[in-house]
Amino acid sequence: MATNQFSTTLTQKDRDEVMAAIATIKEKLPFLIDLTPEQRKSLPKMGDKSRAFVSKALEVATQNPDFLPRNFDLEEMRKDVQLFEQLYPLVLSLAQLQELVDDTCVAVGSEAFAAALLVYSYAKASGEGSGLDTLVEDMGQRFARKPRKVKPQERTMQKKAG
């Protein structure tokens, strides 16, 4: 059996407190939005190079507001840049936390699945008549192959061949 990295639990109290902390984060950021994949795709993205460009554009606009059209809201641009800069470290921290939680979940899930495979293997090896037949059969459904669906194109070819 592979090495067991995890021999710990998450108490219900700790889990509840983490969930409350996440709820607090959402509460403190009431302006967060949920973009559709299409919306996300259509928006220009601000990466490191774009950050420098935006910063320079804000500086130029602040020092030379006369060339901007009257309806250009420099203050709104300033707020957007400021909010982006405030959110950016949060994005980095949350992405790191997300990766740690994901990796831990994958690893601990892998350990649980490996242990379940051993249980299944031992239960199958114990043989018929041990009172485990139905349970082993139920567990074996995890590995049952579904019948392959024949595509219309293949049906036509099968008819021609037959």
Side-chain angles (χ1 to χ4, degrees), residues 1-120 138-157:
M1 186 167 164
T3 350
N4 189 15
Q5 284 185 281
F6 299 95
S7 184
T8 188
T9 59
L10 178 63
T11 67
Q12 187 62 44
K13 181 180 182 276
D14 285 346
R15 185 181 178 281
D16 291 346
E17 287 176 6
V18 169
M19 293 303 288
I22 292 169
T24 299
I25 291 169
K26 288 179 180 178
E27 181 184 306
K28 297 294 182 183
L29 303 171
F31 49 81
L32 295 178
I33 62 170
D34 186 18
L35 296 173
T36 65
E38 294 78 28
Q39 289 170 320
R40 182 177 274 280
K41 223 182 259 188
S42 71
L43 293 173
K45 310 299 182 289
M46 184 144 87
D48 289 337
K49 290 180 185 177
S50 298
R51 283 175 73 188
F53 173 79
V54 169
S55 179
K56 181 66 76 179
L58 179 59
E59 186 180 317
V60 168
T62 301
Q63 292 177 11
N64 306 284
D66 298 340
F67 75 88
L68 297 171
R70 288 183 195 213
N71 66 347
F72 186 87
D73 194 337
L74 184 57
E75 190 52 36
E76 278 303 314
M77 181 185 182
R78 186 174 284 112
K79 284 181 185 177
D80 288 344
V81 171
Q82 181 181 18
L83 182 57
F84 179 86
E85 293 300 332
Q86 291 168 331
L87 287 173
Y88 195 70
L90 298 178
V91 168
L92 295 177
S93 291
L94 291 171
Q96 182 182 17
L97 178 61
Q98 173 78 38
E99 187 174 333
L100 290 169
V101 172
D102 280 349
D103 289 351
T104 303
C105 198
V106 165
V108 78
S110 177
E111 285 183 11
F113 188 66
L117 288 172
L118 284 173
V119 168
Y120 177 62
D138 286 349
M139 290 175 73
Q141 293 303 310
R142 158 63 180 87
F143 304 103
R145 292 185 179 240
K146 295 179 183 173
R148 198 181 95 155
K149 291 184 180 177
V150 178
K151 296 177 184 173
Q153 195 178 56
E154 290 176 359
R155 258 189 233 127
T156 306
M157 294 179 81

By salt bridge (Lys or Arg N to Asp or Glu O under 4.0 Å), Lys45 pairs with (sequence neighbours left out) none
Carboxylate-amine/guanidinium contact Glu38 Lys41, below 4.0 Å: no
Ion pair present between Lys79 and Glu75, side-chain N to carboxylate O less than 4.0 angstrom? no
I would like to know whether Leu43 and Leu35 meet side-chain contact (heavy atoms from CB on, under 4.5 Å); could you show each step before the answer? CA-CA 10 Å; Leu43 293 173; Leu35 296 173; 3.7 Å; yes
Has Gln96 got more than 12 heavy atoms of other residues, nucleotides or ligands less than 6.0 Å from its CD? no
Got a sec, which residues hit side-chain contact (heavy atoms from CB on, under 4.5 Å) with Asn64, two or more places apart in sequence or on another chain? Val60, Phe67
Smallest heavy-atom separation, Leu10 atom then Arg15 atom, equals CD2-CB, 3.9 Å
Distance-minimising heavy-atom pair for Gly140 and Tyr120: CA-OH, 3.3 Å
Glu111 side-chain N/O to Gln5 backbone N/O, donor-acceptor pair under 3.5 Å: yes
Enter the distance from Leu97:CG to Ile22:CD1 here, rounded to the nearest 0.5 Å. 7.5 Å
Could you state the interatomic distance from OH (Tyr88) to OG (Ser93), rounded to the nearest 0.5 Å? 11.5 Å
Run Ile33 and Phe31 through side-chain contact (heavy atoms from CB on, under 4.5 Å) and show every step you take. CA-CA 6 Å; Ile33 62 170; Phe31 49 81; over 6 Å; no
Taking all non-hydrogen atoms of both residues, which atom of Met77 and which atom of Val54 are closest, and how far apart? CE-O, 4.0 Å
Output for pair (Leu87 CG, Leu83 CG), nearest 0.5 Å, gives 4.0 Å
First locate atom CD of Glu17, then atom OG1 of Thr11, and finally report the distance between them rounded to the nearest 0.5 Å. 7.5 Å
Can you tell me how far the CG atom of Asp14 sits from the CE atom of Met19, to the nearest 0.5 Å? 13.5 Å
If you measure from CG on Asp103 to CD on Gln98, what distance do you get to the nearest 0.5 Å? 10.0 Å
Phe53 CZ: over 12 foreign heavy atoms closer than 6.0 Å: no
Can you give me the closest heavy-atom contact between Leu74 and Thr62, atom names plus distance? CD2-CA, 3.8 Å
Between Thr104 (side chain) and Leu100 (backbone), is there a donor-acceptor pair under 3.5 Å? yes
Worked verdict on Thr24 versus Glu27 for side-chain hydrogen bond (donor to acceptor under 3.5 Å, both in side chains): CA-CA 5 Å; Thr24 299; Glu27 181 184 306; 5.4 Å; no
Smallest separation among heavy atoms of Gln39 and Thr36, with atom names: OE1-N, 2.7 Å
